[in-house]
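Heads up: the structure comes next, in structure tokens.
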Protein chains: 2
Amino acid sequence: MQLYLEKLKEGGLKLTPRRQAIIEFFVDGKSHLTPEEVWKKLKKRFDRCGLPSVYRNLESLVKCGILTKIQQFDRKKHYGLCSAVHGDYHHHHITCIECGKVDEIKDCAIGDAKKIKGYKVVSHFIQVNGICADCSRG
Amino acid sequence: MQLYLEKLKEGGLKLTPRRQAIIEFFVDGKSHLTPEEVWKKLKKRFDRCGLPSVYRNLESLVKCGILTKIQQFDRKKHYGLCSAVHGDYHHHHITCIECGKVDEIKDCAIGDAKKIKGYKVVSHFIQVNGICADCSRG
DNA sequence: CCTCAAATAGAAACTATTTCTGTTTATTAT
DNA sequence: ATAATAAACAGAAATAGTTTCTATTTGAGG
Ligand SMILES: [Mn+2]
Ligand SMILES: [Mn+2]
Ligand SMILES: [Zn+2]
Ligand SMILES: [Zn+2]
């Protein structure tokens, strides 16, 4: 948690009880969560808490590098703990479609390619969906 | 257009005026479009036309292989002409963030990898955003 | 032509997200 | 400790994109 505190401070963000709880959800759960899922968990701990705050907090936590957005094919936003918090490196994610666990893919084919097919590459996105070893055994 | 007719028939879909127009938008425009953008163009040609039909048609055209979904980071759906219509092969897309043009990336790092990091790979998604040669020139 | 499944418009519902306003809270400086 | 200040917050309302529903129309095949 110390590490996250530093990241927050770096980003000029306060450590609030809600924020701390949100970070814990991701650290403990080891899976990605939607804003609504975070909200449901949060409501168990706090009498009053608003969904807009959850949205704001998740975005803040992405900005300061604690969380990462995970693009899925539904219309919801998904967030996961970005282990690049342990040192910043370029990576993408693989997600288990059964249990929602998120792992990292460290080698990326696009990598730091400056040009592809005559295009100046600005950004890229890779998402792999699969079934993790645990769920395969199950 | 003959090619598209065949694809439609294969998929058990009728050739309707609206469908034909939609295909033309993509063939002529050479860029990806959102349902709303398609709708706006369609309304210029047809007095009466409904947005739900546009959504339905775009999905139908994906199913029969004429269009492909292009995932962007906004909340809208994006569709583009899938040139794999000229023969089915695995590919992804690169999009120009200036003009919206879509090109194909034929070699894919994930390709037919069956396993990554212990995960049984089910699906994957790659999207590259850049600035095309034309737009780079200014 | 006739038939019938497929396609359609338009209205209404829905869902996820964002904006707004006034209040509360955590940090920092006294 | 206490005060000042900027950030975080709840709750209500608004928005945007998409989907569902129902009754009507249309195109393809016989
Ligand atoms: Mn990560
Ligand atoms: Mn394609
Ligand atoms: Zn799993
Ligand atoms: Zn371009």
Side-chain angles (χ1 to χ4, degrees), chain A residues 1-2 4-25 32-64 66-67 69-79, chain B residues 1-2 4-25 32-64 66-67 69-79:
Chain A
M1 186 53 74
Q2 186 54 40
Y4 301 117
L5 260 166
E6 283 167 27
K7 282 265 171 189
L8 282 174
K9 194 163 275 183
E10 275 175 39
L13 298 173
K14 292 179 186 173
L15 176 69
T16 66
R18 267 145 247 253
R19 236 166 230 171
Q20 183 154 358
I22 291 175
I23 294 172
E24 280 168 18
F25 296 152
H32 59 128
L33 297 167
T34 63
E36 177 119 20
E37 287 167 341
V38 170
W39 188 43
K40 276 180 188 158
K41 284 169 174 283
L42 212 54
K43 280 194 288 190
K44 288 180 190 161
R45 288 214 208 167
F46 299 90
D47 277 1
R48 325 174 77 239
C49 78
L51 190 49
S53 293
V54 173
Y55 277 92
R56 231 179 312 104
N57 274 325
L58 291 171
E59 275 309 301
S60 302
L61 293 173
V62 168
K63 265 193 202 124
C64 76
I66 293 175
L67 298 183
K69 281 193 214 204
I70 295 173
Q71 187 102 341
Q72 298 289 122
F73 291 92
D74 56 17
R75 296 176 50 207
K76 296 173 191 165
K77 298 194 162 181
H78 293 251
Y79 295 87
Chain B
M1 186 55 73
Q2 187 53 40
Y4 301 118
L5 260 165
E6 284 167 27
K7 282 266 171 189
L8 282 173
K9 194 163 276 185
E10 274 175 40
L13 297 173
K14 292 178 186 171
L15 176 69
T16 66
R18 268 143 247 252
R19 234 165 232 171
Q20 182 154 358
I22 291 175
I23 293 172
E24 281 168 18
F25 296 153
H32 59 130
L33 297 167
T34 63
E36 177 118 21
E37 286 167 341
V38 170
W39 188 43
K40 277 182 188 158
K41 284 168 174 283
L42 213 53
K43 281 194 288 190
K44 288 180 190 161
R45 288 213 208 167
F46 301 90
D47 277 1
R48 323 175 77 240
C49 77
L51 190 49
S53 294
V54 174
Y55 276 92
R56 230 179 312 103
N57 274 326
L58 291 170
E59 276 308 301
S60 302
L61 294 172
V62 168
K63 266 191 202 124
C64 76
I66 294 176
L67 298 182
K69 281 193 215 204
I70 295 174
Q71 187 103 341
Q72 298 289 121
F73 290 91
D74 56 18
R75 298 175 49 205
K76 296 173 190 166
K77 299 196 161 180
H78 292 252
Y79 295 87

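Just so we're clear, the structure is a prediction, and the values are computed from it rather than from any experiment. Chain letters run A, B, ... following the sequence lines, proteins first and then strands; every chain starts at 1.
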Would you give me the side-chain donor-acceptor pairs under 3.5 Å for residues 38-49 of chain A, sequence neighbours excluded?
from    : atom 1 : to      : atom 2 : distance (Å)
A:Trp39 : NE1    : A:Cys49 : O      : 3.2
A:Arg45 : NH1    : A:Glu24 : OE1    : 3.1
A:Arg45 : NH2    : A:Glu24 : OE1    : 3.0

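B:Glu37 is linked by a side-chain hydrogen bond (donor to acceptor under 3.5 Å, both in side chains) to B:Thr34, counting only residues two or more places apart in sequence or in another chain. Every residue meeting the side-chain contact (heavy atoms from CB on, under 4.5 Å) condition with B:Lys14, not counting sequence neighbours, appears here in chain and number order: B:Thr16, B:Arg19. Taking the salt bridge (charged side-chain N to carboxylate O under 4.0 Å, His left out) definition, one finds that B:Glu6 meets it with nothing, sequence neighbours left out. Here B:Gln72 pairs with B:His32, B:Ile70, B:Asp74, B:His78, B:Thr95, B:Gln127, B:Asn129 under the side-chain contact (heavy atoms from CB on, under 4.5 Å) rule; sequence neighbours left out. In terms of the salt bridge (charged side-chain N to carboxylate O under 4.0 Å, His left out) criterion, residue partners of B:Glu59 (sequence neighbours excluded) are, by chain and number, B:Lys69. With sequence neighbours left out, B:Arg56 forms a side-chain contact (heavy atoms from CB on, under 4.5 Å) with B:Pro52, B:Ser53.
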Look for any protein N or O under 3.5 Å of an N or O in nucleotides 23-29 of chain C and output each such pair with its distance, or none.
from   : atom 1 : to      : atom 2 : distance (Å)
C:dA26 : N3     : A:Lys14 : NZ     : 3.4

Under 3.5 Å, which protein N or O atoms sit close to an N or O of nucleotides 15-19 of chain D? Give each pair with its distance.
from   : atom 1 : to      : atom 2 : distance (Å)
D:dG17 : O3'    : B:Arg75 : O      : 3.4
D:dT18 : OP1    : B:Lys77 : N      : 2.5
D:dT18 : OP2    : B:Tyr55 : OH     : 2.4
D:dT18 : O5'    : B:Tyr55 : OH     : 3.0
D:dT19 : OP1    : B:Lys77 : NZ     : 3.2
D:dT19 : OP2    : B:Lys77 : NZ     : 3.3

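In this structure, A:Ser53 reaches the D:dA10 phosphate: one of its side-chain N or O atoms is under 4.0 Å from OP1 or OP2. OP1 or OP2 of C:dT8 has at least one side-chain nitrogen or oxygen of B:Asn57 nearer than 4.0 Å.
Within the 4.0 angstrom heavy-atom criterion, base atoms lie near A:Arg56.
With axes fitted over five pairs at each extremity, the angle between the ends of the helix from C:dC1-D:dG30 to C:dT30-D:dA1 is 40° (10° resolution).
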